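Just so it is clear, the structure is predicted and the values come from calculations on it, not from any experiment. First listed ligand is number 1; within each ligand, the first listed atom is number 1.
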Amino acid sequence: MSTLSITNLGVVVGDQEIVKGLDLEVSSGQVHAVMGPNGSGKSTLANAIMGRPGYQITSGSIELDGQDLCSLPTWQRAQMGLFLAMQYPTEVPGVSVRETLELALQARGLDQIDVASRLDEEAQSIGLRTELLERALNVDLSGGEKKRNETAQLAVLVPQIAVLDELDSGLDIDALRSCAERIEIMTNDGLGVLCITHYHRLLDHLAADQVHILVDGQIVESGGPELAKELEANGYSRFITSEQEPDGVSVAIGGAAREGQSSGPDLEDPFADPLA
Ligand code: ADP
Ligand code: MG
C-alpha cells in the first residue's frame, strides 16, 4: 500500500507562482483525475511531483509513504515507485525502450528477465507495432505511438503511483480504450493513478474515484465521475471567477473553447464529430 500525499503545495516556474496551495492524496488502487483549463497548472503539478528541474517548490510538501520527495532528484523518485507519462514525451536518441526499462527495473531491484518479451506482449495488447520498440526512445514516433509507448513502459515497470499527463491526447478512440483498459487492470492490482485529462472519455475506461477541478493553480472543486461529465457539457465557466481568467486562457472545452495563448495543447475535442 502506497500513498502520495501533496499538502499545501506551491510551485514557482520562472518568476511566476503557478501552483498555489494544492492538497491531493492518491493511494494504491485509486484513480484521481485532475481536469482544468489550459494554463491552470496541471503539467506544472505533474512536473513538480516528478522533480523536473526548473519547478521550484515554495511551500508545502510532496510525500510518498511519509518520505518527503522535494529534496530528491527525479531518478530517486522513480526508484521509489513514481512514474510520469509526460504530456510531450521526450525523444532520447541512441537509447532503446528495452535498455531504458532494464535500467529502471535494475535501479528498483526488480526482475529484469525477459524485458524484451514482456514489452512485446504489452505493446501487442495495446496495439503498438512491436517493430517500433526497436527505435530509440520516442524518436520518430507519432504522438499516439508515443502515448502507447508510455503505456507499455508503465505496464512493464509496474510503479506504485503513476502520473498520466494527458495520456489521451493524440490517441484515437480504439487506442485510448486499450491503453485506459490496460491501466484500469493495473489499478485493480494496486497501481495508484493521478490522471490529468480534458475529456471524460478516458475516464469511461479508467474509472476515476475522484475528479478534481484545477483553476489557476488551486483545486476549486472535487467530486465523483459525474463532475467530468458536467465539464464536458458545460465547460469550466462555473468554476472561474473573472479575476482567475487571464487573457487568452480557454475556459471551456470542446467546440466552445476560446482561442488561447497558453503553451498548453489546443482544447479542440479530437473526438468531436467532424460533421456536427
Ligand atoms: P496546463 O498543463 O494546465 O495547461 P501548465 O502547467 O503547462 O498548464 O502551465 C501553467 C503556466 O505555467 C502557463 O502559464 C505556462 O506558460 C507556465 N509554465 C509552465 N511550465 C513552464 C516552463 N518550463 N517555463 C515557463 N513557463 C512555464
Ligand atoms: Mg499540460
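- Taking distance alone, with nitrogen or oxygen atoms compared against 3.5 Å, Q16 stays at or beyond that limit from ligand 1.
- For the pair G41 and ligand 1, the shortest N or O to N or O distance falls below 3.5 Å.
- Backbone and side-chain nitrogen or oxygen atoms of S43 are examined, and one is located within less than 3.5 angstrom of a nitrogen or oxygen of ligand 1.
- Between R238 and E221 there is a salt bridge, with a side-chain nitrogen of the basic residue lying less than 4.0 Å from a carboxylate oxygen of the acidic one.
- At under 3.5 Å, not a single nitrogen or oxygen of V13, backbone or side chain, sits near a nitrogen or oxygen of ligand 1.
- Under a 4.0 angstrom heavy-atom cut-off, G54 registers as lying outside contact with ligand 1.
- Because the distance cut-off is set at 2.8 Å, Q87 qualifies as a neighbour of the Mg ion (ligand 2) through one of its N, O or S atoms.
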Give every donor-acceptor pair under 3.5 Å between a side-chain atom in residues 47-56 and any protein atom, sequence neighbours left out.
unit_1: N47; atom_1: ND2; unit_2: S43; atom_2: O; d: 3.1
unit_1: N47; atom_1: ND2; unit_2: Y55; atom_2: OH; d: 3.2

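- Near I18, meaning under 4.0 Å from one of its heavy atoms, ligand 1 places the atoms 10 (C), 11 (C), 12 (O).
- At least one N/O/S atom of S43, from backbone or side chain, sits under 2.8 Å from the Mg ion (ligand 2).
- By the rule that hydrophobic residues join a cluster once side-chain heavy atoms approach within less than 4.5 Å of another member, M86 and L214 end up as members of one cluster.
- Side-chain contact of E181 with S178: a donor-acceptor pair under 3.5 Å is absent, judged by distance alone.
- Each of the following atoms of ligand 1 lies closer than 4.0 Å to a heavy atom of N38: 4 (O).
- Contact annotation: G39 has at least one heavy atom less than 4.0 Å from an atom of ligand 1.
- Counting heavy atoms under 4.0 Å from ligand 1, residue T44 touches it through both backbone and side chain.
- Linking Ile, Leu, Val, Met, Phe, Trp and Tyr residues whenever their side-chain heavy atoms come within less than 4.5 Å places L141 and V156 in a single cluster.
- Cluster annotation: L157 is not connected to L64 through the hydrophobic network of ILVMFWY side chains, with a link wherever side-chain heavy atoms come within less than 4.5 Å.
- Remark: ligand 1 atoms within the under-4.0 Å shell around heavy atoms of P37 are 3 (O).
- L171 is not connected to L206 by any chain of hydrophobic side-chain contacts under 4.5 Å among Ile, Leu, Val, Met, Phe, Trp and Tyr, and they are in different clusters.
- In the model, D68 has no side-chain atom that pairs as donor or acceptor with a side-chain atom of S61 under 3.5 Å.
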